[in-house]
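Bear in mind the structure is a predicted one, so any value in this text is a computation, not a measurement.
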Amino acid sequence: MCISKRFNYNSSMPMPYAANLNLDLTLKRNAHLNLHLTALCKEGQLKEALHILLTTHNCLVHCSTYDKLLQVCISKKALSEGKQIHSHINQTGFQFDTHKLLQNTLISMYNKCGSLVDARRVFDQMTERDLFSWNILIAAYKRHGYPLEALTLFNQMQRTGIQPDRFTFASILQACAKIRVLEQGMDIYQSIMREELLSDDVVANALVDMYAKCGSICKARELFHKMPWKNVFLWTTMIAGYAQNGFVEKALETFKQMQLAGVKPNSTTFASILPAYAKMGTSEQCMDIHQSIIESGFLSDVVVASALVDMYAKCGSIHKASELFDKMSHKNVVSWTAMIAGYAQNGFVKKALETFKQMQLAGVKPNSMTFASILQACAKMGVLEQGMDIHQSLIENGILSDVVVASALIDTYAKCGSIHKAFKLFDRLQKKNVVSWTVMIAGYVQNGFVEKALETFKQMQLAGIKPDSTTFASILPACAKMGALQQGMGIHRSIMESGFLSNVVVASALVDMYAKCGNMHKAHELFDRMPQRDVVSWNAMIVGYAQNGCVEKAVETFKQMQFSGIKPNSTTFAGVLPACAKMGALHQGMDIHKIIGENGFLSDVIVSNGLVYMYAKCGSIHKAHILFDKMPQKNVFSWTAMIAGYAQNGFSSEALKLFEVMKHSGTYPDHVTFVSVLLACSHAGLVDEGCKYFNGMSDSCCIMATIDHYVCMVDLLGRAGYLEESLNFIIKMPIKPVVIVWMCLLGACTVHKNIGLGVFTATLLFELDPQNAATYILLSNMYAEVGWSDDVQMVRRLMKDRGIKKIPGCNWIEGHKMAHVLCVGDRSHSQT
């Protein structure tokens with residue numbers, strides 16, 4: 001019997017040798033394909049690798065090869081190619097479910113390439129997930145700006161029994177920091193302690209950052225000091241935390257300690273410390289840190305260079321900022337935005353708008369912060385039309401949904417006096433967060449709708465949005481303006497419950513609120529209880545005393561600040577100079593002028609503006625003029641201070657001449673500039689010129705008239721004897737006339753002895769403000785001027801019956817007209 005019959009061998013079947021040979025060829029072909037694809041991946045030739053993958057059939061691609069291909073997609077941010085590889089995996093019948101590593105790489109690829117939806121889809125399809133799978137998706141949600149979803153995933157992961165590691169904790173702490181959920185962050189801290197991961201540098205760094213960003217700087221500091229080791233990242237996080245929470249001096253002190261500890265700052269350290277120098281550094285200190293950056297070799301870093309531009313701009317050295325910006329070899333959107341914001345903040349609005357156009361011509365696409373900065377310029381200039389043009393551009397570019405941009409636009413409308421448009425935009429927002437609510441509240445406060453601000457604050461809380469430190473700092477001025485001490489004290493309690501009392505901005509706003517409500521005792525008590533005081537805290541107290549007319553206390557506090565070792569900054573001088581100005585304390589002002597020179601702040605435009613204002617207000621117009629002429633840079637505040645000084649001291653002709661020079665210099669006047677110009681016209685009796693300037697505000701400068709401008713116009717017409725025209729002007733006003741408007745008319749009736757109109761105006765004032773002594777005094781004076789002694793006695797009896805007393809030495813009408821005209825000292829302070 002032959003062998004084939006014995007084994008029942010079917011001759012049609014291939015011989016075992018042939019089968020082995022076929023298998024061997026297939027294996028070699030598969031190996032060759034995978035090696036070739038791997039080689040292409042190493043060279044980064046993704047398109048060539050993808051072409052071979054998609055055109056080669058009947059070959060087995062290894063899991064590791066797919067992984068390498070996806071890693072190249074990650075490095076190149078090649079989403080489309082990544083999707084094609086994913087599709088190939090599914091079509092070839094690859095046992096995808098059994099390869100967890102490949103599934104994790106796919107999630108990572110979709111995350112890094114910007115498709116969070118696809119990353120989540122792969123994650124949801126996994127039959128089994130490991131810690132790495134959860135970590136990738138939690139980090140993805142945090143990275144793409146969905147911190148709440150990241151926290152939800154973290155809770156789900158724990159319910160499945162998977163224990164978090166150092167990377168999980170780092171990601172979830174960053175998510176807590178983004179939405180400022182301190183309570184949940186503290187719960188995670190307890191978990192970290194149980195897992196004994198506090199010594200891990202990544203976790204410790206994330207914890208310090210979380211505490212700082214949630215406003216609990218004391219906890220951040222406590223944890224920082226507990227660390228037996230401190231690397232550059234931990235030092236940098238602590239420095240950034242101090243700077244972000246307003247503890248500028250502590251940030252600078254920590255930066256010095258870091259260097260003394262032998263830890264060299266990196267580019268992020270410099271980028272974090274520069275905002276602190278921007279807030280309180282002298283021009284000399286700014287130049288020192290600039291030199292350190294050059295020596296460290298970080299000046300070519302675009303992030304550091306952009307932060308330097310921002311620092312010089314915020315310190316008022318706009319020329320230095322511009323010089324540095326022009327020398328930058330590479331400019332990104334951050335650099336351009338820093339320069340635009342710098343021009344806007346320093347009052348060079350025209351330059352801000354020009355730079356915005358140059359940026360677009362350079363092919364750099366504006367981001368949300370750029371639009372926010374250029375909108376700030378429009379807001380400062382009060383150019384409603386240009387703000388509306390940008391609004392249209394935002395709609396066309398689909399950026400209006402960005403909360404930063406929407407908030408900036410609301411702010412622009414509010415600052416341009418169009419509070420109705422601001423509310424309309426706010427009302428249409430589909431999603432309102434703490435930022436949008438806060439901007440709307442601030443808008444109402446800025447426009448004098450303080451009751452609406454308080455109402456909106458309540459609505460925000462009813463909507464379940466927790467106020468942050470900025471919200472509290474914005475709503476407190478509403479209480480201050482209303483003198484609503486009880487409501488302010490209620491908000492004080494909420495601040496304590498929310499844990500924001502340690503925030504220097506909030507504490508300063510509280511001091512300001514108590515001061516403006518006349519409770520300087522409480523303001524001082526709060527100031528004394530502050531665990532730490534920086535330059536901002538002291539500034540708030542100095543301004544508080546100045547606003548209450550306690551010039552001696554303001555100057556005394558200024559001296560105490562110096563004795564405590566806190567160096568004054570531009571805001572300090574901008575706060576104390578108006579105190580001297582308001583009380584006419586010329587000699588004290590001159591002493592402070594000397595200190596300013598010694599501290600190197602004479603070149604600071606904000607401080608120089610305050611000095612010009614102080615000298616002008618104290619009647620030393622010659623010194624104000626000399627100082628103004630010596631200023632290397634002048635912004636809108638500088639010009640306005642000098643024009644106002646001339647107007648207030650009776651030099652109307654010089655005020656109007658300077659206004660024309662200002663316009664030719666390329667600096668746009670703002671609404672306060674026009675108030676000063678109209679005051680000059682009023683004092684000189686230049687009715688036609690005053691009317692021309694009033695009409696020109698909206699026609700040529702796009703500035704909407706405010707109540708201040710209407711007061712000036714009524715005063716201008718009344719002083720010149722145009723009483724009937726003045727009355728008609730009031731009747732035709734588009735806004736409701738307030739007491740000061742009618743008071744101006746009554747004063748003019750007294751001067752020009754128009755008894756009929758005077759009595760009519762006084763009757764209106766009795767209805768509007770029956771307890772106002774000035775109405776009775778002006779009416780009595782008017783009767784006395786024409787010899788109506790019986791009527792004089794009648795008015796005096798009326799005052800006595802109603803319990804109204806004249807305040808000795810108080811010229812009510814002039815004082816209130818000036819209060820409606822200008823306070824450049826306060827404006828100088830607000831520039832910071």
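- In this structure, the side chains of Pro164 and Met157 come closer than 4.5 Å at one or more pairs of heavy atoms.
- Put simply, CG on Leu37 and OG on Ser64 are 10.5 Å apart, with the number rounded to the nearest 0.5 Å.
- Between Leu116 and Ala140, the shortest heavy-atom contact is CD1-CB, 3.6 Å.
- Side-chain atoms of Met126 and Asn104, non-hydrogen and from C-beta on, do get closer than 4.5 Å to each other.
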Exercise. Might you work through the side chain to side chain contact (heavy atoms under 4.5 Å, CB included) test for Tyr189 and Leu207, ending with a clear yes or no?
Key: CA-CA 7 Å; Tyr189 171 68; Leu207 256 174; 3.5 Å; yes

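- With rounding to the nearest 0.5 Å, the separation of CE in Met238 from CH2 in Trp235 is 10.0 Å.
- Side-chain contact between Thr471 and Val434: present, with at least one pair of heavy atoms (C-beta onward) separated by less than 4.5 Å.
- Looking only at side-chain heavy atoms (C-beta outward), Leu308 and Met328 stay at 4.5 Å or farther from each other.
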Quiz prompt | Derivation of the side-chain hydrogen bond (donor to acceptor under 3.5 Å, both in side chains) call for Ser87 and Gln91 | solution = CA-CA 6 Å; Ser87 178; Gln91 288 170 7; 3.0 Å; yes

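- Around CZ of Arg120, the count of heavy atoms belonging to other residues, nucleotides or ligands within 6.0 Å exceeds 12.
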Quiz item: Going through the distances and angles, do Arg493 and Glu497 end up as a salt bridge (charged side-chain N to carboxylate O under 4.0 Å, His left out)?
Solution: CA-CA 6 Å; Arg493 284 191 292 273; Glu497 289 162 9; over 6 Å; no

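- Across Phe426 and Met440, no two heavy atoms sit closer than the pair CB-SD, 3.6 Å.
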Exercise. Show the numbers, then the answer: is there a side chain to side chain contact (heavy atoms under 4.5 Å, CB included) between Cys286 and Met311?
Key: CA-CA 8 Å; Cys286 290; Met311 177 197 72; 3.5 Å; yes

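- A salt bridge between Asp124 and Arg121 is absent, with no side-chain N of the basic residue lying under 4.0 Å from a carboxylate O of the acidic one.
- No donor-acceptor pair under 3.5 Å is formed between the side chain of Asn155 and the backbone N or O of Gln158.
- Between the side chain of His62 and the backbone N or O of Asn34 there is no donor-acceptor pair closer than 3.5 Å.
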Self-check item: Candidate pair Gln45 and Val72, rule side chain to side chain contact (heavy atoms under 4.5 Å, CB included), full reasoning
Solution: CA-CA 9 Å; Gln45 296 182 33; Val72 180; over 6 Å; no

Practice problem: Given side chain to side chain contact (heavy atoms under 4.5 Å, CB included), test Asn111 with Tyr141 step by step and report yes or no. | Solution: CA-CA 9 Å; Asn111 165 32; Tyr141 274 114; over 6 Å; no

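- Taking CG of Leu234 as the start and CD1 of Ile239 as the end, the distance is 10.0 Å to the nearest 0.5 Å.
- Counting heavy atoms from C-beta outward, Phe233 and Asn266 have side chains that approach closer than 4.5 Å.
- Nearest heavy-atom pair, Ser373 versus Ala341, reported as atom, atom and distance to 0.1 Å: OG-CB, 3.6 Å.
- In this structure, Ala204 and Met227 approach most closely via the heavy-atom pair CB-SD, 3.6 Å.
- No more than 12 heavy atoms of other residues, nucleotides or ligands shown are found within 6.0 angstrom of CD on Glu196.
- The residues Lys256 and Glu253 are annotated as not salt-bridged, no charged nitrogen and carboxylate oxygen being separated by less than 4.0 angstrom.
- Within the 4.5 Å cutoff, no side-chain heavy atoms of Val309 are placed close to those of Ser335.
- Atom CG in Leu46 sits 5.5 Å away from atom CD1 in Ile85 (nearest 0.5 Å).
- For the atom pair Asp165 CG and Asp200 CG, the distance stands at 9.0 Å (nearest 0.5 Å).
- Annotation: the span from Thr237 atom OG1 to Lys213 atom NZ amounts to 7.5 Å, rounded to 0.5 Å.
- Between the side chains of Asn367 and Thr370, at least one donor N or O sits under 3.5 Å from an acceptor N or O.
- When every heavy atom of Tyr66 is checked against every heavy atom of Leu53, the shortest pair comes out as CE2-CD1, 4.3 Å.
- Annotation: side chain of Lys230 is not in contact with side chain of Val263 (no heavy-atom distance under 4.5 Å).
- The distance between the ring centers of Trp437 and Phe457 does not fall below 6.0 angstrom.
- Between Ser108 and the options Asn135, Val122, Leu137, Ile74, a side chain to side chain contact (heavy atoms under 4.5 Å, CB included) holds for only Ile74.
- At least one side-chain heavy atom of Tyr211 sits less than 4.5 Å from a side-chain heavy atom of Met186.
- When the shell of 6.0 Å around NZ of Lys219 is examined, it contains 12 or fewer heavy atoms from other residues, nucleotides or ligands.
- Panel note: side chain Arg166, backbone Leu197; no donor-acceptor pair is recorded below 3.5 Å.
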